[in-house]
Amino acid sequence: MNYILPLISGILTGLSMPGNLSSFLVWFSVAPFIYSFVNSKKTLERLIKVFLYSYSLMVTTLWWEVPVLTKNIPEVIKTFPGYIGFFSYLLMILILTIPYYIIWILGELYFRKSRVINKTSLILFSVFSYAAAEILKQFGDLAFTGANLSDALYMHTGFLQILPFTGSIGLTILILFVNAYIAFSSERERLKIGIFIIGILYIINFTISEKLPMINTSENSVKISVFQTNVPQEVKYSNDMWKSYVEISKYIEKSKDNSELLILPEAVFIKDIRNDEIFKVIKEAIKLSDKNWLMGFPTVDYEKREYYNSAIYINKNGEIENIYNKIRLMPFAEFLPYKSVFSLFSFFKLVSFYTPGDEYSILNLNGKKFSVQICFETYFPELSRNFTKNGAQFLVAISNDGWFSHKTALLQHFSKSVLRAAENRRTFIQVSNTGITGIVDKYGRIINTLPTHTYKGAQFSVPLNNEITFYTKYANIIIVIILILAIIFSLI
């Protein structure tokens with residue numbers, strides 16, 4: 001029983017994540033781990049409990065990666081067998097648990113002989129040590145912010161209104177306070193207190209959601225078209241570029257609209273086509289469409305011999321106005337982290353290993369300013385913040401999520417766009433080849449999504465906004481304060 005509680009706790013928390021069982025679980029799912037951890041008497045016992053909680057959390061959240069690594073990718077790129085993918089999945093989960101060991105390290109500071117322990121002390125330590133772990137998940141070459149507690153509540157618009165002031169970490173802290181209070185209440189009061197607190201919070205969430213104003217899209221807005229190409233990965237990676245173009249041309253023929261911009265997904269083509277015949281054809285299609293295009297494909301700097309995962313912005317005259325190079329690359333798939341340690345895993349490369357970009361480019365659409373992120377980048381709040389501070393009036397992400405067989409993976413990815421929209425008070429548009437393609441307003445409300453795994457386009461009216469939120473402006477200070485508090489509540 002000593003080690004069952006953190007295991008159950010991790011599973012329940014994973015089941016609260018987007019696309020899994022129920023977000024409601026997150027309000028009490030961490031409590032068994034917290035209770036078990038602080039009642040441990042030995043260092044090794046606490047270490048094992050952190051491992052059991054974090055590993056079971058990640059497995060339950062990212063179960064959909066198993067078919068991706070054992071079937072979907074091996075069948076397309078044919079560089080490794082499925083069983084290697086499975087063992088790599090187990091290692092990947094182990095790596096993703098590393099930030100959670102800060103809870104154990106701070107616990108060693110907390111549980112010293114001179115410590116005077118009371119309920120308030122336990123709550124503050126538990127809340128801020130866990131919050132520190134989520135913050136640390138943002139940094140380093142192996143950074144990944146999946147399974148953050150705040151992700152579970154991406155559909156709860158009232159709760160999301162904390163984000164412009166604190167970011168998603170503020171919502172995590174609220175969740176942790178509820179869990180810690182339940183964990184350290186007496187057995188007789190635990191159920192009653194939990195029901196009361198969570199009930200009050202849901203009433204507040206509902207009230208705030210209902211009071212939020214509707215957004216007028218008829219003024220100060222821009223019309224944008226999006227196209228979900230739905231080209232299978234085995235076709236895309238067969239290097240038959242014309243098949244992707246045929247899907248685009250069909251859409252152009254069917255769709256006659258007055259939008260100013262057409263957004264296509266990441267990796268519409270899997271090679272640099274700027275010097276190929278197909279790009280000349282695409283430029284003619286752009287001129288006929290009479291709108292700017294944004295599309296993704298890799299680019300090569302032949303002088304520097306550097307490869308980039310890029311989003312190419314082309315004006316309606318067929319001229320390339322800007323190229324955004326992906327800044328936060330996917331470990332192993334797009335770059336090899338810590339080469340001296342992980343050199344054996346270079347076979348996971350999907351197309352080529354890329355050089356990270358270094359410029360937070362702002363794109364100009366007839367005087368309206370916006371930015372683009374590529375796929376995995378929506379997991380990192382600092383990118384949306386930096387684009388917003390640089391003047392982006394709405395945010396765009398393009399993605400290639402065709403590797404994922406299960407909608408759970410798509411929901412977990414799309415939930416990040418919701419959080420980024422609410423944090424920065426910016427309309428956020430995500431365009432993916434197989435979904436989820438959709439638009440989120442500045443309050444984090446999902447306005448529209450296209451059916452997944454379908455060939456489909458849509459037109460969105462996108463409001464512009466110049467407001468800079470408290471979080472956008474002071475996020476780095478908020479992060480430092482939380483880390484300092486985590487240390488303080490472990491020491492005094």
Side-chain angles (χ1 to χ4, degrees), residues 62 64-65 68-69 72-80 84-85 88-89 91-93 95-96 137-146 231 233-234 236-237 239 264-274 294-302 304-312 323-361 371-380 382-384 396-404 409-410 412-413 416-417 430-434:
L62 303 175
W64 44 265
E65 281 280 14
V68 173
L69 293 173
N72 301 355
I73 292 178
E75 287 182 354
V76 174
I77 66 172
K78 296 178 172 57
T79 56
F80 62 92
I84 293 294
S88 300
Y89 168 79
L91 177 60
M92 176 194 76
I93 295 295
I95 291 170
L96 294 179
K137 288 167 68 176
Q138 301 178 38
F139 301 105
D141 283 353
L142 294 170
F144 179 72
T145 64
V231 176
Q233 299 295 69
E234 55 269 24
K236 185 189 298 289
Y237 285 82
N239 220 11
L264 298 166
E266 174 196 17
V268 175
F269 307 102
I270 61 165
K271 59 173 283 189
D272 191 341
I273 63 169
R274 288 176 296 172
L294 178 67
M295 63 191 305
F297 57 79
T299 58
V300 184
D301 186 328
Y302 291 101
K304 297 180 180 178
R305 295 184 179 180
E306 291 179 340
Y307 296 78
Y308 301 94
N309 186 352
S310 303
I312 293 79
I323 297 176
Y324 168 73
N325 297 319
K326 188 176 182 181
I327 295 170
R328 296 298 296 257
L329 300 172
M330 173 71 79
F332 302 106
E334 295 181 321
F335 82 106
L336 191 61
Y338 309 113
K339 293 180 182 178
S340 59
V341 178
F342 295 113
S343 58
L344 290 174
F345 292 91
S346 60
F347 57 80
F348 278 113
K349 176 177 64 177
L350 293 180
V351 177
S352 62
F353 286 143
Y354 299 119
T355 300
D358 57 7
E359 186 176 348
Y360 292 92
S361 309
S371 66
V372 60
Q373 299 169 53
I374 301 176
C375 195
F376 180 63
E377 292 189 310
T378 58
Y379 277 77
F380 301 98
E382 75 273 11
L383 274 86
S384 293
V396 172
I398 59 174
S399 182
N400 175 23
D401 285 346
W403 298 111
F404 307 132
L410 305 179
Q412 288 180 12
H413 189 182
K416 296 298 186 179
S417 296
Q430 177 174 296
V431 182
S432 176
N433 59 326
T434 56

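Computation of the quantities below employed the complete heavy-atom set of this structure, encompassing side-chain atoms and omitting hydrogens, waters and symmetry-equivalent molecules.
The minimum heavy-atom distance linking P265 with S399 is given by the pair CB-O, 3.5 Å. Heavy-atom minimum distance, S310 versus I374: C-CD1, 3.7 Å. Listed here is the closest heavy atom pair of P74 and V68: CD-O, 3.7 Å. The minimum heavy-atom distance between G146 and K137, with the atom names listed, is O-NZ, 2.7 Å. Taking each heavy atom of S361 and S371 in turn, the nearest pair found is O-CB, 4.0 Å.
The structure places CD of Q430 at 10.5 Å from CD1 of I398, a figure rounded to the nearest 0.5 Å. Of the inter-residue distances, the one linking W64 atom CH2 with L410 atom CG reads 9.0 Å to the nearest 0.5 angstrom. Atom CG of L336 is separated from atom CG of D141 by 9.5 Å, given to the nearest 0.5 angstrom. In this structure, the separation between OG1 on T299 and CD1 on I273 is 11.5 Å, given to the nearest 0.5 Å. Separation of atoms OG1 (T145) and CZ (F376) is listed at 7.5 Å; rounding is to 0.5 Å. Between the CD1 atom in I323 and the CZ atom in R274 there is a gap of 4.5 Å [rounded to 0.5 Å].
Side-chain N or O atoms of D358 include none that pairs as donor or acceptor with a backbone N or O of I327 at under 3.5 Å.
Sorted by first and then second residue, the pairs that involve residues 323-344 and meet salt bridge (charged side-chain N to carboxylate O under 4.0 Å, His left out), not counting sequence neighbours, are K326-E334, R328-E382. Listed by first and then second residue, the side-chain hydrogen bond (donor to acceptor under 3.5 Å, both in side chains) pairs involving residues 342-357 amount to none (not counting sequence neighbours).
The shortest distance between side-chain heavy atoms of N433 and Q233 falls below 4.5 Å. Within the 4.5 Å cutoff, the side chain of I73 has heavy atoms near those of the L350 side chain. Using a 4.5 Å heavy-atom cutoff, the side chains of F348 and L69 are in contact. In this structure the side chain of L62 reaches within 4.5 angstrom of the side chain of F144, judged on heavy atoms. Counting heavy atoms from C-beta on, the side chains of L142 and F332 come closer than 4.5 Å. Inter-residue side-chain proximity for N309 and E266 is flagged as met; some heavy-atom pair is nearer than 4.5 Å.
Remark: of the listed residues F404, Y379, W403, Y379 is the sole one forming a ring pair (Phe, Tyr, Trp, His ring centres under 6.0 Å) with H413. Applying the side-chain contact (heavy atoms from CB on, under 4.5 Å) test between L294 and each of V372, I312, L264 identifies V372 as the sole match.
Ring geometry for Y338 against F342 counts as tilted: the plane angle lies between 30° and 60°, on a 0 to 90° scale. Ring pair F345/F347 is tilted by interplanar angle, where 30° to 60° counts as tilted.
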Intermediate values then yes/no, side-chain hydrogen bond (donor to acceptor under 3.5 Å, both in side chains), Q373 and S384: CA-CA 8 Å; Q373 299 169 53; S384 293; 2.8 Å; yes
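Not counting sequence neighbours, the partners of K304 by the side chain to side chain contact (heavy atoms under 4.5 Å, CB included) test are D301, E306.
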